[in-house]
There are 2 protein chains.
Amino acid sequence: MTDNGNSERPIPRTGRPGKRKRTDAQQDLRDRPSTIRDVASKAGVSVATVSRTLAGNYPVSDETRARVMAAVESLHYVVNVHAKALSGRVAGPVALVMKDITGPSLAHVAAGVEQEAADRGRLSLVCATHDDPAREDDLVQLMREQHAAAVLLVGSVVPDEAYDRRMIGYAEALNAAGSRLVLVGRPAPAPDLPVTVVDYDNRGGAFQATSHLLASGHRRVLFLGGETGLSSGDERRAGHRDALRAHGVDHAEELDTAGTYTRASGYVRTRDALRAGLEFTAVFAASDVVALGALAALREAGLDVPGDVSVVGFDDVPFATDLTPSLTTVRVPYEELGRTAVRMALSRTQAPADDHVVLGTQLVIRRSVRRLDW
Amino acid sequence: MTDNGNSERPIPRTGRPGKRKRTDAQQDLRDRPSTIRDVASKAGVSVATVSRTLAGNYPVSDETRARVMAAVESLHYVVNVHAKALSGRVAGPVALVMKDITGPSLAHVAAGVEQEAADRGRLSLVCATHDDPAREDDLVQLMREQHAAAVLLVGSVVPDEAYDRRMIGYAEALNAAGSRLVLVGRPAPAPDLPVTVVDYDNRGGAFQATSHLLASGHRRVLFLGGETGLSSGDERRAGHRDALRAHGVDHAEELDTAGTYTRASGYVRTRDALRAGLEFTAVFAASDVVALGALAALREAGLDVPGDVSVVGFDDVPFATDLTPSLTTVRVPYEELGRTAVRMALSRTQAPADDHVVLGTQLVIRRSVRRLDW
DNA sequence: GGGACGAAGGGAAACGTTTACTGTGCGATC
DNA sequence: GATCGCACAGTAAACGTTTCCCTTCGTCCC
């Protein structure tokens with residue numbers, strides 16, 4: 001024993017009496033992460049002292065601290081987060097659940113979430129559902145197992161009864177586990193639920209967009225809306241109609257289309273409208289990628305934007321400024337959406353109530369709209 | 001006692017003899033996640049039986065199973081992953097460390113990583129470094145604590161000596177902890193290191209791009225390269241020069257520029273080249289966003305693409321097809337890059353050696369290049 | 001000179017699982 | 001009819017930390 005001879009009590013044992021699978025001791029350093037006991041024995045102190053030295057919340061003599069730190073260095077010791085979580089408290093991660101990460105808007109939400117989470121010392125778990133509700137169920141379950149501090153469900157949905165039921169279930173299950181459900185860009189299923197809702201003003205943004213077109217003298221606006229039923233789609237449609245009504249413009253049924261948020265959908269609907277001989281001087285696409293399709297169809301038809309037809313989008317994705325012409329669109333604060341969601345979920349005081357917030361949207365005027373009265 | 005009366009043995013106790021902070025039992029369900037002991041006591045069995053019932057790796061009578069499942073349901077029990085990790089083995093997460101998540105190419109890598117990880121039953125931790133080496137150090141450390149199965153460092157770098165040292169440290173530290181360092185899109189710091197490298201053929205892609213321009217009759221190609229020193233930038237530059245050499249075209253120093261991978265850089269360099277009166281009939285931008293800037297500058301100068309100047313990009317970001325004109329570019333299999341990285345890191349057999357793979361890149365011909373000899 | 005006190009450190013419980021051991025009955029086998 | 005084996009269930013050790021509680025030792029104050 002290499003005890004420093006000042007005590008009869010046994011020095012902390014190197015290993016437990018329990019069996020060790022590994023027979024040759026030389027391998028121990030190689031493939032098994034070193035534990036606090038390894039550090040303790042190497043430093044000739046107890047595990048309690050090592051823990052306290054590293055935590056720095058307890059007086060430790062300089063000499064002991066030095067020995068412990070040296071042992072930590074030489075063993076490349078890092079704490080085992082599972083053990084730490086099991087005993088002391090560990091800040092749970094933030095879980096981000098979305099349909100897909102590659103879309104520019106969702107990527108920005110993710111960036112905001114990651115940044116705010118990191119600022120608060122949390123890790124971010126990112127998962128894609130690919131629009132599969134069963135997968136969403138599994139993920140919420142999984143996040144409960146992981147003790148996630150908050151579970152963020154991001155992206156527009158069809159708010160039917162099944163959706164409400166699922167969200168209610170999630171909210172309660174997470175709440176019971178001390179976590180928090182956060183709905184980002186999707187509606188609350190019911191009032192007084194333990195849920196945080198962070199949304200943005202779809203309706204107001206669409207209102208601004210269409211108002212801008214109407215104020216520029218356009219009267220026949222082809223609306224390339226999102227899917228009917230989808231929350232963001234319906235809200236943007238409502239904002240569009242609000243604006244028509246507010247400006248006393250008749251709502252032409254045939255100009256009010258619905259479809260998916262894809263380039264293809266924008267392309268097809270615009271092309272078909274042109275083929276059908278519909279008259280319009282402007283297009284309001286309910287998303288920038290839809291606008292992309294519209295621009296392609298218009299260009300193909302030999303129409304100039306904004307010379308012949310004006311176009312407005314929605315989202316303000318990064319490339320909107322680089323299109324020809326640069327796209328007038330509605331800016332959605334996606335990154336701020338993510339940050340706010342994390343902030344609200346984590347800094348929630350003991351208020352058990354639900355909390356909602358709606359971030360504003362804002363028209364960004366570029367070059368894809370022409371004033372007709374010029 | 002609601003025991004079913006068929007045994008004298010004491011039913012498992014409800015709680016441990018140890019002290020409980022909570023005094024009023026009614027609160028127990030509310031804020032503390034229920035444990036396997038809660039389930040066991042509710043079902044009138046031992047914790048071992050509950051564990052085995054849930055794991056399904058041990059014979060359990062139908063009646064017992066039903067009771068356990070009922071208890072699980074009613075208590076909304078989920079296993080505590082930390083406890084599980086401490087005892088049996090739990091598949092560690094995959095950690096993805098990158099400069100920023102919002103870029104289209106990195107987002108696609110992330111999507112590939114997430115998908116492959118999910119397919120293998122792993123969670124994905126996503127972190128942004130914002131190009132801060134110290135943050136990268138912290139994250140690697142953090143991932144070691146988290147027992148990540150693999151740590152993926154994604155994105156081009158300046159491979160200087162400090163970089164090598166850091167990567168070597170990471171590789172060894174992670175390897176010692178049973179994890180694996182994976183470098184994606186960046187070079188290996190040294191041979192025979194426990195590291196997995198997944199890269200793509202920057203040089204070959206650039207060679208194809210410039211070759212395409214030269215084969216189309218262009219002789220003076222403005223090269224908008226990436227930063228000198230940056231691995232991907234240097235490789236693409238090398239590929240470009242290879243092609244010039246292969247086609248016997250003189251390398252004109254003034255046409256070979258370096259800068260950042262930003263739209264602004266592409267814009268400024270193209271504008272300056274035009275102002276300086278440099279003669280060129282084609283532009284090869286070392287990334288699509290740089291091409292975006294070039295397109296804007298050309299347009300501003302009243303030049304038509306591809307009528308007056310041809311343009312080729314690199315990356316094949318999603319919007320490349322939607323530009324005016326659609327952009328001829330080099331496709332990089334970003335998503336596959338992510339998938340491959342995870343696959344290689346996780347399905348690595350006991351081969352302790354380093355393993356490298358280079359994915360191919362491929363020219364995608366669209367409408368931004370004109371044949372000069374027509 | 002004696003007690004109080006603070007600094008420093010150790011022992012061991014507790015966190016929630018999994019699983020190796022140990023029993024039990026009970027039907028089948030010789 | 002004793003025995004073997006199997007289905008089923010419980011006990012307890014182990015996983016790696018943190019922290020409560022206890023001990024020791026030196027100082028300071030009256």
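Just so it is clear, the model here is predicted, and its values are computed rather than measured. Every chain is numbered from 1 and lettered A, B, ... according to where its sequence line falls, protein lines coming before strand lines.
- Nearest-nucleotide assignment on DNA chain D puts the 5′-proximal partner with B:Thr64, out of B:Thr64 and A:Leu86.
- Closest to the A:Val79 side chain, of the nucleotides D:dT11, D:dT17, C:dG16, is D:dT17.
- Comparing C:dT17, C:dA12, C:dG10 by their closest approach to the side chain of A:Val45 singles out C:dG10.
- With distances taken from any side-chain atom of B:Ser87 to the nucleotides C:dG16, C:dT19, D:dT18, the minimum falls on C:dG16.
- Not a single donor-acceptor contact under 3.5 angstrom links the side-chain atoms of A:Tyr58 to the base of C:dA7.
- Closest approach to the A:Lys84 side chain among C:dT18, C:dG16, D:dT18 is made by D:dT18 (side chain taken as heavy atoms from C-beta onward).
- A side-chain donor-acceptor contact under 3.5 Å links B:Arg180 and B:Thr196.
- For B:Arg52 and A:Asn57, each mapped to the nucleotide of DNA chain D holding its nearest heavy atom, the one lying further toward the 5' end belongs to B:Arg52.
- When the side-chain nitrogen and oxygen atoms of B:Ser46 are compared with OP1 and OP2 of D:dG10, one or more of them lie within a distance under 4.0 Å.
- For B:Ala48, taking side-chain heavy atoms from C-beta onward, the closest of the listed nucleotides D:dG10, C:dG9, D:dT18 is D:dG10.
- Closest to the side chain of B:Ser51, out of C:dT19, C:dA8, D:dG16, is C:dT19.
- Separating the NE2 atom of B:His82 from the C1' atom of C:dT18 is a distance of 17 Å, rounded to the nearest angstrom.
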